[in-house]
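Here's the structure, in structure tokens; my notes come after.
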Amino acid sequence: STLMRSSAASDVYKRQNKSMDIENKNRVSVEDMRACYAERFPYAPNNQRIGRFAKQIGFRLTKQMVKGQIISFYIKDDISK
């Protein structure tokens, strides 16, 4: 059972480590932000919840046109700090 506990602990550590990676990045895709929200909260992720979560950890949504397609991603919001 100790082996099982250690693997569960390492899984939790890996999850925490991944979500910490998001906070260290300057640019995060919407899909990565959605995955990070889903890991941390028991609620179903939707755009409003993800946006509110992103704002809390210091990100803002940005849209950019690339080759005629609009892409959305989150960037660090330096104004809020």
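FYI, side chains are in, hydrogens and waters are out, and symmetry mates aren't considered; it's all heavy atoms of this structure. In this chain, numbering begins with 1 at the start of the sequence shown.
- Within 6.0 Å of the CD atom in Q64, the count of heavy atoms belonging to other residues, nucleotides or ligands exceeds 12.
- Annotation: side chain to side chain donor-acceptor pair (under 3.5 Å) contacts of S29 (sequence neighbours excluded): D32.
- Hydrophobic clustering, with ILVMFWY side chains joined whenever heavy atoms are under 4.5 angstrom apart, keeps V66 apart from V30.
- Side-chain contact between R60 and D78 is absent, with no heavy atoms from C-beta onward closer than 4.5 Å.
- Contact detail for P45 and R34: the closest heavy-atom pair is O-NH1, 3.3 Å.
- F73 meets the ring-ring contact (aromatic ring centres under 6.0 Å, His included) test with no other residue; sequence neighbours excluded.
- Counting heavy atoms from C-beta outward, F59 and F53 have side chains that stay 4.5 Å or more apart.
- Contact annotation: the side chain of I50 approaches that of Y74 to within less than 4.5 Å [non-hydrogen atoms, C-beta and beyond].
- Under a hydrophobic clustering in which Ile, Leu, Val, Met, Phe, Trp and Tyr are joined whenever their side-chain heavy atoms come within less than 4.5 Å, directly or via other members, V28 and I71 fall into different clusters.
- In this structure, the side chain of R49 engages the main chain of A44 through a donor-acceptor pair within 3.5 Å.
- Annotation for I57 and K76: closest pair O-NZ, 4.0 Å, computed over non-hydrogen atoms.
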